Amino acid sequence: MTTTVDAGLPAIQKSSGAAGPRRGRPGRPGRAGRAWLPYLLLLPALVLELLVHLVPMVIGAVMSLKEITQFYIRNWTAAPWSGFDNYRIAVDFDAPVGEALLHSFVVTVGFTLLSVALCWLIGTAAAICLQDGFRGRGLLRTLFLVPYALPVYAAVITWVFMFQHDNGLVNHVLHDQLHLTDEPSFWLIGDNSFWALLTVSVWKGWPFAFLIVMAGLQNIPRELYEAAALDGAGMWQQIRQITLPSLRPVNQVLVLVLFLWTFNDFNTPYVMFGKAAPQAADLISVHIYQASFVSWDFGTGSAMSVLLLLFLLVVTGVYLAVTSRGRRSADV
């Protein structure tokens, strides 16, 4: 009897799992150790962002509180503190400095609104026209992207030669060939400089809008257009009822990016007009450059830069709030 019980004990213990404590499932090795890996991968980008953007912004804000002239370029930290005097000078619109800054701001706002509107309109129209496949569509897409691919300096310098008064291509076409003007126009000075700058800005900016809208059109199902065509909807109805509503998220980002790029554009007016831009084309980016590096008043120039940064932050925040609210109401 004893032998029988002893012989059965191993089988009973093995079947009931009473042979010893159950060993838990081993965890994946290094799971806790890999938790910091995403942060490590983001660290180089964060450091570069800190060095390239945040640190200069902080230094610029500190410089705007100092009275920095050409005498303190070597050691700007030794310049005396001026508090908010630079800001008072910049926003005193009755004084020459503030009045010039206000004029530059108004010119920049008008220039930016026109440029963004025309870039979006031309880019959207071109993308819609090239949406359907036809022979030569790839070649046209490539040609449309050439202004965006060209270096800014090479493209703008070419336009400067074209806008020359005596031997420029623009006056040759408008005056000599088409006889639209009584005499050759001055495009790089006077009031026409605004329209010349706007032309160059739109020429090199609309291909970006074309590229973004063209990518957004790829996400619209073709079945929607086919169903609309069966219901008798024409081309304009399809664009208004299908294309534009489907492109709303893309256009919201596109318009914001174009606005920020155009408002801060420095290369185009500087290459076209140099250090002294005409009054009609006195964009605020060049105006701040003149206040800082031509007038040698780095404190006031830094204050203008900080004011410009605050304005763009406010505009961006309001735009994102309005577009987000509109998107939520549309979803509801």
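FYI, the numbering just counts along the sequence from 1. Being a predicted model, the structure only gives us computed values, none of them experimental.
Distance check: Asp282 CG to Leu101 CG gives 9.5 Å after rounding to the nearest 0.5 Å. If you take CG on Leu42 and CG on Leu37, they are separated by 9.5 Å, rounding to the nearest 0.5 Å. The CH2 atom of Trp296 sits 10.0 Å away from atom OG1 of Thr69, with the distance rounded to the nearest 0.5 Å.
Note: Phe163 and Trp187 have tilted aromatic rings, judged against thresholds of 30 and 60 degrees for the angle between ring planes. Between Trp261 and Phe208, the ring planes lie tilted relative to each other; the angle falls in the 30° to 60° range.
One N or O on the side chain of Gln164 and one on the backbone of Val160 form a donor-acceptor pair closer than 3.5 Å.
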Only distances under 3.5 Å count here; give the side-chain donor-acceptor pairs of residues 146-155 to other protein atoms, sequence neighbours excluded, each with its distance to 0.1 Å.
{"residue": "Tyr153", "atom": "OH", "partner": "Asn267", "partner atom": "OD1", "Å": "3.4"}

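Within 6.0 Å of the CD atom in Gln238, the count of heavy atoms belonging to other residues, nucleotides or ligands exceeds 12. By the 6.0 Å contact criterion, CH2 on Trp195 is open, its count of non-hydrogen atoms from other residues, nucleotides or ligands being 12 or less.
Side-chain contact between Phe210 and Leu130: present, with at least one pair of heavy atoms (C-beta onward) separated by less than 4.5 Å. Phe266 places none of its side-chain heavy atoms less than 4.5 Å from the side chain of Ile288. With a 4.5 Å cut-off on side-chain heavy atoms, Leu308 and Asn264 count as touching.
Side-chain contact annotation: Asp85 with Ser82, donor-acceptor N/O pair under 3.5 Å absent. Looking only at atom types and distance, the side chain of Asp265 has no donor-acceptor partner in the side chain of Thr262 under 3.5 Å away. At a cut-off of 3.5 Å, with distance as the only test, no side-chain donor of His175 or Asn171 sits close to an acceptor on the other residue. Residues Asn75 and Thr77 bring a donor and an acceptor atom of their side chains to less than 3.5 Å of each other.
Looking at every heavy atom in both residues, Gly301 comes nearest to Ala291 through CA-CB, 4.5 Å. Smallest separation of non-hydrogen atoms from Phe194 and Val107: CE1-O, 4.1 Å.
Checked against the 6.0 Å centroid criterion, the rings of Phe298 and Phe293 qualify as a close aromatic pair.
Every pair tested for side-chain hydrogen bond (donor to acceptor under 3.5 Å, both in side chains) that includes a residue from residues 95-113 fails, sequence neighbours excluded, so the list is empty.
Hydrophobic clustering of Ile, Leu, Val, Met, Phe, Trp and Tyr side chains at less than 4.5 Å, counting indirect connections, keeps Leu312 apart from Leu283.
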- Walk me through it: do Ser201 and Thr268 pass the test side-chain hydrogen bond (donor to acceptor under 3.5 Å, both in side chains)? CA-CA 7 Å; Ser201 177; Thr268 303; over 6 Å; no

- Task: Show the numbers, then the answer: is there a ring-ring contact (aromatic ring centres under 6.0 Å, His included) between Phe311 and Phe105?
- Result: CA-CA 11 Å; Phe311 169 76; Phe105 175 78; 5.0 Å; yes

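Salt-bridge annotation for Arg222 and Asp132: present, with a side-chain N of the basic residue lying under 4.0 Å from a carboxylate O of the acidic one.
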